[in-house]
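No hydrogens, no waters, no symmetry mates; every other heavy atom, side chains included, goes into these values. Each chain gets a letter, A, B and so on, in the order the sequences are listed, and its residues count up from 1. All figures in this text were calculated on a predicted structure; none of them were measured in a lab.
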Amino acid sequence: MSEIKITLPDGSIRQYPKGTTGMQIAQSISEGLARVVLAAKVNGEVWDLSREIHHDADFQLFKWDDKEGKSTFWHSSAHLMAEALEAIYPGIKLGIGPPIENGFYYDIDFGLYNFSTDDFDKVEKKMIELAKTNSEYIRKPISKKEAIAYFTEKQDPYKIDLLKDLEDGKITFYTQGNFTDLCKGPHIPHTGHIKAVKLTATAGAYWRGDEKQKQLTRVYAITFPKKSELDEYLVLLEEAKKRDHRKLGKELELFTFSNKVGQGLPLWLPKGADLRGRLQNFLMQKQKEFGYEQVISPHIGHKQLYITSGHYEKYGADSFQPIHTPAEGEEFLLKPMNCPHHCEIYKSKPHSYKELPIRYAEFGTVYRYEQSGELHGLTRVRGFTQDDAHIFCRPDQVREEFNNVIDIVLYIFKTLKFDNFIAQVSLRDKSDRSKYIGSAENWERAENDIIEATKAKGLPTVVEYGEAAFYGPKLDFMVKDALGRSWQLGTIQVDYNLPERFELEYIGSDNKAHRPVMLHRAPFGSMERFVAVLLEHTAGRFPLWLTPEQYILLPISDKFQEYSEKVFHILKKYDIRGSIDARSEKTGRKIRDAEVQKIPFMLIAGEKEMAEGTVSVRQHGGEDLGAMKVEDFVQLIQKTVIKELQN
RNA sequence: GCCGUUGUAGCUCAGUGGUAGAGCACUUCCUUGGUAAGGAAGAGGUCGUGAGUUCAAUUCUCACCAACGGCUCCA
């Protein structure tokens, strides 16, 4: 019998008989490893451990701790759940059941059955019961014809639909216990690895993600190889919920919503408005350094403006309906975008090539009629303020301008410690070009501009086709919230189209009219969404420079009220923000309340402090910095703020 | 917009076919207290809105509205 060479990740090479399985290799390494190993990677492809290896291969084993191990585990769990569901609800039709970031789901057509959260319990029990049988996941290649015959017999239209797109000869079935599914695998060795199961949610999901297709019931679940890991996961979920910006926004009195005002229309409370204003000033100052000029445009604009820009044709039907003037019968739209206004500002006078780039910035509030089901706290609303700006430049300036905008975004992200972002390059749909306006040539140029700039900056990048705006490609900065959902914050877009639609011009050195290029950009994205994500990242403990209340003075008793006010006025002179807790409560109580409010510094003022002109400083979280002169506290704040903003 | 869940005091949540309760917050009084909740009293709700069933609905049914979890969408 011939031998094959297996190269392990550490570079060592071992000889095995041809046809050795991944499991056998694991066993040859150690029995303990063989008990916990879930899948293998053979020449870059994740395989079942039971598959025979017939050629020399680079080889790696995956356990639960590995990303590949988890996804294989959850993929197999999805099959187990399908088996359990079929046992309880005979005749249900199955869609797809993939692993996801935290667990897995299966899309099911329950037919006439009602399935709700009340049924989770019995499904979980059934899954555990089936898992205990230690059923192996058995792989079987099958011809397309046989596969279709199988699912025709089973009357499962969704699997047949899937099979239509698969290539004959590459189709496999997997069977465990009494359940067989169309699946390319791989799977874990047997169901016995699955020890803890939790169904987490149900949701409607259109078949193949298409609104026009039938909506199936998506059942979300997660499984673990140990019961204790499930418990840990549930605790983690609870912790994440505490960081939810909707909860923190209410607790810290930053913003609220009112049904009487309307869905998705946030109301900023004084503290939230203060924080937001501070963020805006922070960005405005940076933008000044980069040569931006502030402009202001009104909240409504003539409908024709948006017809010219192309927005009306694309989004008019899904927007707030036009406002009609009584006398003239004119139509105005609530501003959904700032760019057309800025184009008109550009056109207010002729421009020379020497003036470019011109950078118009505006914290412009825009209104979009988002679908009701899509509204979500502050991250998806119907009225929001973009930290918008439009750069009008010559084609030869695009690259540099683009790089400068990236620098602004990175400066902001760095200052606020957003280190887990992904730069998403959003390009046209490869197959459907009809969704976009503008010439192919302009698109090519714009797409290349973005790809090149991103490469030059060495950003962590992912390319997504079909995610571009209808007028141009984008570079979006994606950041995750407390529950792991990705949100688009900063965005930069190259646009050759609007300048044409608005017939923008500048006079070149050749004394002829030329078309400028436009960059749309918003480093925060929207103030609403940015504050939401910032809240979740900081868990409400904002940096000192940004937080609405930097300190709170806690007089030990009424006797020190006057002294506290004196301190308060000194601090105010230095622009240090805070208040006095003048309630007739004990100090312990005042500290507790200040802790709950996440105020960075608590200044205790009593007999000793009044005599010495000091305050006793306690930091949020409990650290006691001891007594210090008021001037020293001023210094402490100022130095901390400078340090936070240094970058 | 679609599927599912939920809607009781400012907040977090009990509860019932006979028009409601707790804790915290709030108000007043007592207390003047040194690093995470001092004490007492009081006030506060058309039980999301509308309709139906019923002698009687906060409770059961339906519709609508909103929030939440997803799907689709996101200039």
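Between B:C68 and B:G48, the two C1' atoms lie 15 Å apart (nearest whole Å). B:U8 and B:G23 have their C1' atoms separated by 15 Å, with the value rounded to a whole Å.
Across B:A36, B:C11, B:C73, the shortest atom-to-atom separation from the side chain of A:E595 is found for B:A36. You'll find that the side chain of A:R589 is closest to B:C24, out of B:C3, B:C24, B:U35. Candidate nucleotides B:G34, B:U5, B:A75 were compared by shortest atom distance to the side chain of A:M337, and B:A75 ranks first. For A:R380, the listed nucleotide lying nearest its side chain is B:C74; candidates were B:G69, B:C74, B:G34. Relative to the side chain of A:A205, the nucleotides B:A75, B:G69, B:C71 differ in distance, and B:C71 lies closest. Comparing B:C73, B:A36, B:C2 by their closest approach to the side chain of A:Y206 singles out B:C2. Across B:A66, B:A75, B:G69, the shortest atom-to-atom separation from the side chain of A:N259 is found for B:A66. The side chain of A:Q215 lies closest to B:C2 when the candidates are B:C73, B:C2, B:A75. The A:K250 side chain lies nearest to B:U12 when the options are B:U12, B:A75, B:G4. The side chain of A:S116 has B:G4 as its nearest neighbour among B:C73, B:C30, B:G4.
Checked by distance alone, A:S584 brings a side-chain donor or acceptor within 3.5 Å of a matching partner on the base of B:U31.
A:H376 and A:W487 have tilted rings, their planes meeting at an angle from 30° to 60° on a 0 to 90° scale. The aromatic rings of A:F320 and A:Y369 lie perpendicular to each other, with more than 60° between the two planes, well past the 30° mark.
A:S616 comes within 4.0 angstrom of a nucleotide base, judged by non-hydrogen atoms across all strands. Residue A:G377 is in sugar-phosphate contact alone, with no base atom involved, counting any heavy-atom pair closer than 4.0 Å across all strands shown. Using a 4.0 Å heavy-atom distance criterion, A:G606 is classed as a base contact. Residue contacts shown for A:R208 are absent, as no nucleic acid heavy atom lies under 4.0 Å away. Among the heavy atoms of the strands, none lies under 4.0 Å from A:F115. Using a 4.0 Å heavy-atom cutoff across all strands shown, A:K474 reaches sugar-phosphate atoms only and no base atom. Backbone-only engagement by A:H376 is indicated by non-hydrogen atom pairs under 4.0 Å involving sugar-phosphate atoms exclusively. Using a 4.0 Å heavy-atom criterion, one finds that A:R218 contacts the sugar-phosphate atoms exclusively. Residue contacts for A:G373: at a heavy-atom cut-off of 4.0 Å it reaches a base atom on one of the strands shown. A:T217 comes within 4.0 angstrom of nothing in the nucleic acid, heavy atoms only. Using a 4.0 Å heavy-atom criterion, one finds that A:E251 contacts no nucleic acid atom at all. Using a 4.0 Å heavy-atom criterion, one finds that A:E253 contacts no nucleic acid atom at all.
B:G10 is paired with B:C24 under the Watson-Crick or G-U wobble criterion, all donor-acceptor distances under 3.5 Å. Summarising the base pairing, B:C62 is matched to B:G50 through a Watson-Crick or G-U wobble pair whose two defining distances lie under 3.5 Å. Across all strands shown, B:U19 forms no Watson-Crick or G-U wobble pair with both key distances under 3.5 Å. Using Watson-Crick or G-U wobble geometry with both donor-acceptor distances under 3.5 Å, B:C2 finds its partner in B:G70. Across every strand in view, B:U35 sits unpaired, with no contact that passes the Watson-Crick or G-U test at under 3.5 angstrom.
Ion pairing between a basic and an acidic side chain is recognised when a charged N comes within 4.0 Å of a carboxylate O; A:E585 and A:R592 show no such pairing. Ion pairing of A:E251 with A:K242 is absent here, as no side-chain N (NZ or NE/NH1/NH2) approaches a carboxylate O to less than 4.0 Å. Under the 4.0 Å criterion applied to side-chain N and carboxylate O atoms, A:K93 and A:D156 are not assigned as salt-bridge partners. Using a cutoff of 4.0 Å between basic side-chain nitrogens and carboxylate oxygens, A:K241 and A:D244 are not scored as salt-bridged. Ionic pairing of A:R515 and A:E500 is not present here: no N-O contact between side-chain nitrogen and carboxylate oxygen is shorter than 4.0 angstrom.
The phosphate of B:C74 has neither OP1 nor OP2 within less than 4.0 Å of any side-chain N or O from A:R368. The shortest distance between the side-chain N/O atoms of A:Q263 and the OP1/OP2 oxygens of B:C65 is not below 4.0 Å. Side-chain N/O atoms of A:R529 include none lying less than 4.0 angstrom from OP1 or OP2 on B:C74. Remark: A:R618 is not in phosphate contact with B:G34, judged by side-chain N or O atoms under 4.0 Å from OP1 or OP2. Distances shown here put a side-chain N or O of A:R246 below 4.0 Å from the OP1 or OP2 atom of B:G69. At the phosphate of B:C74, neither OP1 nor OP2 sits under 4.0 Å from any side-chain N or O atom of A:R382.
In this structure, A:Y471 does not count as stacked on the base of B:A75 under the 5.5 Å centre distance and 30° plane angle limits.
Separating the CD atom of A:E370 from the P atom of B:A67 is a distance of 13 Å, rounded to the nearest angstrom. Between A:F560 atom CZ and B:G34 atom P there is a gap of 10 Å when expressed in whole angstrom units. Here B:U5 presents its C1' atom at 14 Å from CG of A:N114, a figure rounded to the nearest Å. The CG-P distance, from A:N102 to B:G69, rounds to 15 Å in whole Å.
Aromatic pair A:Y471/A:H520: centroids less than 6.0 angstrom apart.
Mapped onto RNA chain B by nearest heavy atom, A:A605 and A:E585 fall at different nucleotides, with A:A605 at the one closer to the 5' end.
Screening A:H342, A:H341, A:K335 against A:N338 for a side-chain hydrogen bond (donor to acceptor under 3.5 Å, both in side chains) leaves a single residue, A:K335.
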